[in-house]
There are 2 protein chains.
Amino acid sequence: MVAAPQDWRQTATAHLARAGQRLTQTRASIVELLATSERPLTMPEIRELRPDLAQSSLYRNLVELEQAGVVHRVVTHDEFARYELGEDFSGHHHHLVCSRCGVVEDVPASPGLERSVAAAMAGAAEATGFRIDHHRLDLIGVCRRCA
Amino acid sequence: MVAAPQDWRQTATAHLARAGQRLTQTRASIVELLATSERPLTMPEIRELRPDLAQSSLYRNLVELEQAGVVHRVVTHDEFARYELGEDFSGHHHHLVCSRCGVVEDVPASPGLERSVAAAMAGAAEATGFRIDHHRLDLIGVCRRCA
DNA sequence: CTTTCTGCAAACGATTTGCAGCAGC
DNA sequence: GCTGCTGCAAATCGTTTGCAGAAAG
C-alpha cells in the first residue's frame, strides 16, 4: 500500500492528473519535502526548509494537492495547520499530539485496533444514518521533550 | 460518571472554583445552552440562541470554561470551532463529522473499542516516550441530510 | 499564443484584546 | 471601593485572493 520511496513522483502525477492538474516544480518540491519528513509539517517549518517558495504559492498548492488526495491537512488545537502526504503514500496511521508544544508524530495502526474501529463505524453508521468514509484517531499527551 | 441533568450548575461551579473563577450569569447561560444541546455548537449557533450576549464575552468565557475543564472545544476542518460540555459532564464519547456540512454528532464509546484504544495508547506511549493522557476518535463521513 | 502557475501585496474572517463602564463581593 | 466581568470597537494573524508577469505546452 505504501509507495516505494522513489515513487512519490509518479503517484502524485497520477493523483493530480485525475484532478486535472500537473505536477509542477513547486508542487514536486512540496511533495518531496513532505515525503522526506518524519512528521507532519507546519507552514513555518515548510518555509524554513524552502525560503525560496512564496507563502501564497505554498498555500495554494497545498490546497490543490489536498483536493487531489496527495496531501492531507492535519488540524489540531495548535495555531498552525500541519501537512503530510495522504494515506495513499504513507499508509494508514494515527497521530500522537503533544498538547504542550503541538508537535504531531505518526503512529502505525494495529490490525486489532482497526477492527474495533471498523465495528464502531458500522454501528454508528447504522444508528445515525451517516455514511462513514474514514476515521481519525489522535492520541493526546505530552511528548518526551515537553515532559 | 454523567452528572444528572440539574447538576451541571454545581459541577461547573466546582470546576470554575478550582481555577479561581466564578459561575457568572453569562457563564451559566453558556453552560446551560451546551447542556441542553444534542451536539457541539458553533459560535454562530450560540449567537443565534443568545443574541443578547456579546460575542467577545462568549469567546472569553469559552476560554475560561475550557481552562476550567467545563467546556471542550471541538476543532474540525470546518471554518468554525464547536463547543460542547467536557466529559465530566457528558461522559466519554466520540464524534461523527460530516465532511459536507461540518455538523458534529456525538456517538457513545463502546467498551470493546475503548479497550483497543487503551492498548494502542499503551503501545504508542512505550514506543515514543509520550505520556498519553486521552484520545479523540472522529468518524468522518456524510450525514443523512447531505447524502 | 493560450493556459496554468508563481509571487507580491492587499484582503478576509475567525478569534483576541484594550479599554471604560458595571456588577458582585 | 476593589476586583473581576461585560460589551463595544479595534487589532491580530493564519490563510485566501486579485492581479500582472513568467513558465509550460
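Since the model is a prediction, treat every value here as computed from it, not as a measurement. Order of the sequence lines sets the chain letters (A, B, ...), proteins ahead of strands, with each chain counted from 1.
When rounded to the nearest whole Å, the span between OH of Tyr83(B) and P of dA14(C) equals 12 Å. Across the protein-nucleic acid pair, Leu62(A) atom CG and dT16(D) atom C1' stand 13 Å apart, rounded to whole Å. Rounded to whole angstrom, the span from the CZ atom of Arg22(B) across to the C1' atom of dC22(C) amounts to 12 Å. The interatomic distance linking Leu23(A) (CG) with dA24(D) (C1') rounds to 13 Å, in whole Å. The CD1-P distance, from Ile46(A) to dT15(D), rounds to 10 Å in whole Å. The CZ-C1' distance, from Arg47(B) to dG7(D), rounds to 10 Å in whole Å. Between Phe80(A) atom CZ and dT15(C) atom P the separation is 16 Å, expressed in whole Å. Distance CD (Gln21(B)) to C1' (dG24(C)): 14 Å, rounded to an integer number of Å.
Residues His95(B) and Glu84(B) have side chains that bring a donor and an acceptor to within less than 3.5 angstrom of each other. With no hydrogens or angles considered, a side-chain donor-acceptor pair links Glu114(B) and His135(B) at under 3.5 Å.
For dT6(C), one of the phosphate oxygens OP1 or OP2 lies less than 4.0 angstrom from a side-chain nitrogen or oxygen of Asn61(A). In this structure, Thr24(A) does not reach the dT4(C) phosphate: none of its side-chain N or O atoms is under 4.0 Å from OP1 or OP2.
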ring-ring contact (aromatic ring centres under 6.0 Å, His included) evaluation trace for His72(A) with Phe89(A): CA-CA 10 Å; His72(A) 179 230; Phe89(A) 294 77; over 10 Å; no
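Atom CG of Leu49(A) is separated from atom CG of Leu33(A) by 5.0 Å, given to the nearest 0.5 angstrom. The distance from atom NE2 of His134(A) to atom CG of Asp138(B), rounded to the nearest 0.5 Å, is 9.5 Å.
Looking at heavy-atom distances under 4.0 Å, Arg27(A) makes contact with sugar-phosphate atoms alone, never a base.
The residues Asp7(B) and Arg9(B) are annotated as not salt-bridged, no charged nitrogen and carboxylate oxygen being separated by less than 4.0 angstrom.
Side chains of Leu34(B) and Val70(B) form no contact here, defined as non-hydrogen atoms less than 4.5 Å apart.
Of the candidate nucleotides dG7(D), dT15(D), dC19(D), dC19(D) has the atom nearest to the side chain of Arg60(A).
Within residues 48-59 of chain A, the residues having any heavy atom under 4.0 Å from DNA chain C are, by residue number, Asp52(A), Ala54(A), Ser56(A), Ser57(A).
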